[in-house]
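All remarks here apply to the structure that follows.
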Amino acid sequence: QVQLVESGGGLVQAGGSLRLSCVASGSIFSFRPLAWYRQAPEKQRELVADISAGGNTNYADSVKGRFTLSRDDAKNTVFLQMSSLKPEDTAVYYCNAGGTLYGNTYSQGNYWGQGTQVTVSS
């Protein structure tokens, strides 16, 4: 059974940093694209960043230049380094696997973690 477990969320002041981790079990991780989504209260879930099997990344315009996505396939882990955080980054962040990536377009997969809360105070 595929499991994704996120960690690293918390409360941080504006301008601060957090590093989220997502550890995956099973073969869903290796050689496949992965992504992070977030969902703020009363808003739709949105794609934050995705990474190809080869390590190429794409970012939402709202986080470009502030967030960095990376992966360590040997540890079945994907990291989201978030810097210069803003109050509007407050959301539950979810790791997603099993998706597809065509060009720069990521289509979400069926596997989700439980989410980790990120709260940025002003």
Side-chain angles (χ1 to χ4, degrees):
Q1 185 176 354
V2 174
Q3 282 191 319
L4 301 173
V5 179
E6 301 104 330
S7 62
L11 173 64
V12 64
Q13 287 188 333
S17 299
L18 284 173
R19 187 194 197 204
L20 306 184
S21 299
C22 172
V23 181
S25 64
S27 60
I28 195 64
F29 190 96
S30 299
F31 310 113
R32 304 206 182 178
L34 297 149
W36 282 92
Y37 286 74
R38 68 184 181 187
Q39 187 166 19
E42 300 182 356
K43 291 189 176 181
Q44 287 190 334
R45 191 171 295 188
E46 63 174 350
L47 177 63
V48 175
D50 59 70
I51 186 166
S52 71
N56 295 320
T57 53
N58 297 299
Y59 300 93
D61 288 343
S62 58
V63 307
K64 203 171 291 184
R66 300 188 297 120
F67 290 12
T68 302
L69 183 57
S70 60
R71 63 191 295 162
D72 184 341
D73 284 4
K75 297 181 180 179
N76 280 0
T77 303
V78 60
F79 303 99
L80 184 65
Q81 177 68 48
M82 306 186 296
S83 303
S84 302
L85 283 162
K86 304 175 181 180
E88 50 264 43
D89 294 319
T90 295
V92 178
Y93 284 70
Y94 298 91
C95 181
N96 179 258
T100 57
L101 186 61
Y102 293 105
N104 293 332
T105 302
Y106 181 83
S107 298
Q108 69 185 45
N110 294 326
Y111 303 100
W112 296 93
Q114 82 288 352
T116 185
Q117 176 71 48
V118 172
T119 303
V120 184
S121 63
S122 57

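- Remark: Leu47 CG to Ser107 OG distance equals 9.5 Å, nearest 0.5 Å.
- Between Trp36 and Cys22, the closest heavy-atom pair is CZ2-CB, 3.6 Å.
- Contact of the Phe67 side chain with the Leu85 side chain is registered, since non-hydrogen atoms from C-beta on lie closer than 4.5 Å.
- Here the CD-CD distance, from Glu6 to Gln117, works out to 12.0 Å after rounding to the nearest 0.5 Å.
- A salt bridge is absent between Asp73 and Lys75; no separation between the charged side-chain nitrogens and carboxylate oxygens falls under 4.0 Å.
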Using side chain to side chain contact (heavy atoms under 4.5 Å, CB included), reason through Leu4 and Val23 one step at a time and then give a plain yes or no. CA-CA 6 Å; Leu4 301 173; Val23 181; over 6 Å; no
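- Taking the six-membered ring for Trp and the full ring otherwise, Trp112 and Tyr37 have centroids separated by under 6.0 Å.
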Determine whether Thr105 and Thr100 satisfy the following criterion, side chain to side chain contact (heavy atoms under 4.5 Å, CB included), listing intermediate values before the conclusion. CA-CA 8 Å; Thr105 302; Thr100 57; over 6 Å; no
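- With rounding to the nearest 0.5 Å, the separation of CG in Asn76 from OG in Ser25 is 8.0 Å.
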Apply side chain to side chain contact (heavy atoms under 4.5 Å, CB included) to Arg32 and Leu34, showing your working. CA-CA 6 Å; Arg32 304 206 182 178; Leu34 297 149; 5.7 Å; no
Pairs under 3.5 angstrom only: tabulate donor-acceptor contacts from the side chains of residues 89-99 to other protein residues two or more places apart or in another chain.
| from | atom 1 | to | atom 2 | distance (Å) |
| --- | --- | --- | --- | --- |
| Asp89 | OD1 | Arg38 | NH1 | 2.9 |
| Asp89 | OD1 | Arg66 | NH2 | 3.0 |
| Asp89 | OD2 | Arg66 | NH1 | 2.7 |
| Asp89 | OD2 | Arg66 | NH2 | 3.3 |
| Asp89 | OD2 | Lys86 | N | 2.8 |
| Thr90 | OG1 | Pro87 | O | 2.9 |
| Thr90 | OG1 | Val120 | N | 2.9 |
| Thr90 | OG1 | Val120 | O | 3.4 |
| Tyr93 | OH | Arg38 | NH1 | 2.9 |
| Tyr93 | OH | Asp89 | O | 2.6 |
| Asn96 | OD1 | Tyr106 | OH | 2.6 |
| Asn96 | OD1 | Gly109 | N | 2.8 |
| Asn96 | ND2 | Gly109 | O | 3.0 |
| Asn96 | ND2 | Tyr111 | O | 3.2 |

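- When the side chains of ILVMFWY residues are joined at heavy-atom separations under 4.5 Å, either directly or via intervening members, Met82 and Val12 end up in a single hydrophobic cluster.
- Taking every heavy atom of both residues into account, Gly9 and Thr116 meet most closely at N-OG1, 3.1 Å.
- Few gaps surround NZ on Lys64; more than 12 heavy atoms of other groups in view lie less than 6.0 Å from it.
- Taking the side chain as every heavy atom from C-beta outward, Asp72 and Val78 never approach each other to under 4.5 Å.
- Judged as a side-chain hydrogen bond (donor to acceptor under 3.5 Å, both in side chains), not a single pair has a partner in residues 14-23 (not counting sequence neighbours).
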Under 3.5 Å, side-chain donor or acceptor atoms of residues 52-59 against the rest of the protein: list the pairs with distances, not counting sequence neighbours.
| from | atom 1 | to | atom 2 | distance (Å) |
| --- | --- | --- | --- | --- |
| Ser52 | OG | Gly54 | N | 3.3 |
| Ser52 | OG | Gly55 | N | 3.2 |
| Ser52 | OG | Asn56 | N | 2.9 |
| Asn58 | ND2 | Asp50 | OD1 | 2.9 |
| Tyr59 | OH | Leu69 | N | 2.8 |

